[in-house]
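Some notes on the structure that comes next.
Hydrogens, waters and symmetry mates play no part in the numbers below; they use all other heavy atoms, side chains included. Ligands are counted one by one from 1 in listed order, and the atoms in each one are counted from 1 as well.
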Amino acid sequence: MPSDMPALARDRVRLPADTVYLCGNSLGPLAEGVAAAMRQAVEVDWQGKIVRAWNEAGWHAAPARVGDRLARLIGAGAGEVIVADSTSVNLFKLLTVGLRLRPGRRVIVVEESDFPTDVYIADGVARTLGAEVRRIAPDGLDAALADDVAIVALSQVNYRTGRRRDIAAVTARVQAMGALMLWDLCHSTGAIAVDLNAANADFAVGCGYKYLNGGPGAPAYVFAARRHHDAIDQPLTGWHGHAASFAFSPDYSPAPGIARFLCGTAPQLSLIALEAALAAFDGIDVAALERRAGQLTGLFIDLYDRDLAGRGFGLVTPRAAGERGAQVSLTHAEGYAIVQALIADGVVGDFRAPDVLRFGLAPLYVSGADVAAAAARLADIVDSGRYRDPRFRQRQAVT
Ligand SMILES: Cc1ncc(COP(=O)(O)O)c(C=O)c1O
């Protein structure tokens, strides 16, 4: 049970002193270089160039440029990824695209216990287009696959349990039934290996603010396999996705390639923060992220077996390294109060109702010593009963 593993690049993020940060699966920390990039964008480009910055500071080209920069982290090629909007909005675009690419098939398959926005958006798309949503249990995919399914949308890593799906195997099963496969990579990108093209995936979405450290509300991204580009009929036909945005034609004509997934003006400052944050991954390949994530989560599970299982905690996350993401989730009847007491001790995790304690072990900046400290604190908080303090029971808006 070696806990002396250093993080892969701890010096590339700025964390508050005396903080063990295990919440990068919610909001990543400030990456080195982001503050300087923001100062440049605000005080030099915006202040000094004002509207000229769209051309002269490369703002207009940023969605495609940043998409290309993160493509290697998800096994995509140049021109297959673009940064735009939020994950929810991109799910709306891609689910609609999927139904339009499979006329005659009217079903979207989603996992009931997936992140709620995925299910809500599928319901919204179905209502808009007169389609149907088939909700499945985590192991219910095969039974749900029939010749009426247009598109299946699943998370690679479940936000609550940390359970991982096999992208290549699932994509093949879905495509064998004639349907399209859309992956939600919010809990994967920047934390574990993802290889969309090796898996022949059709579409993917992911967010910028978790393991990519793009900052609160960072824009999300869209992946579409090149083979689909010309046929894609994206529903949010805004001017930035037009073939010639600045021709101001009265009629819409989609841009060639992945750029047709753009809609309106990008949140430029957030996009610049995300671009700067991605530099933290320079020189680090996804195989190294994958290996270290497996070691860190394995260490946490060993410590759970030794020190936490007997203290009222349960293990939610699968034990096989290939079946989990970079996250370990525990249960405890007093989970909320325990997480609050833990945060007060400088170890930041989070809580998901009704009883799940989540720990995101971002391999970029989390070390084995961090994991050992978290497990030791958890045991101590239970033994001391410190979590019973009333201040740890007051529910905050964000848990
Ligand atoms: C798996 C998953 N999908 C989608 C979202 C929502 O993304 P957004 O708020 O960017 O639309 C989240 C947010 O945590 C998530 O975990």
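Contact shell of ligand 1 (protein heavy atoms, cutoff 4.0 Å): Ser86, Thr87, Ser88, Phe115, Thr117, Asp118, Ser155, Asp184, Cys186, His187, Tyr209, Lys210.
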- In sequence, state the C-alpha distance, the side-chain angles, and the governing distance for Phe92 and Val125, and then conclude on side chain to side chain contact (heavy atoms under 4.5 Å, CB included). CA-CA 6 Å; Phe92 181 88; Val125 169; 3.4 Å; yes

- Message: Run Thr317 and Phe300 through side chain to side chain contact (heavy atoms under 4.5 Å, CB included) and show every step you take.
- Response: CA-CA 11 Å; Thr317 303; Phe300 206 145; over 6 Å; no

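Every residue two or more places apart in sequence or in another chain that forms a ring pair (Phe, Tyr, Trp, His ring centres under 6.0 Å) with Phe313 is listed here: His332.
Both tests pass for Arg395 against the ring of Tyr336: distance under 6.0 Å to the centre and angle within 45° of the axis.
Checked against the 6.0 Å centroid criterion, the rings of His228 and Phe203 qualify as a close aromatic pair.
Inter-residue side-chain proximity for Val348 and Leu22 is flagged as unmet; no heavy-atom pair is nearer than 4.5 Å.
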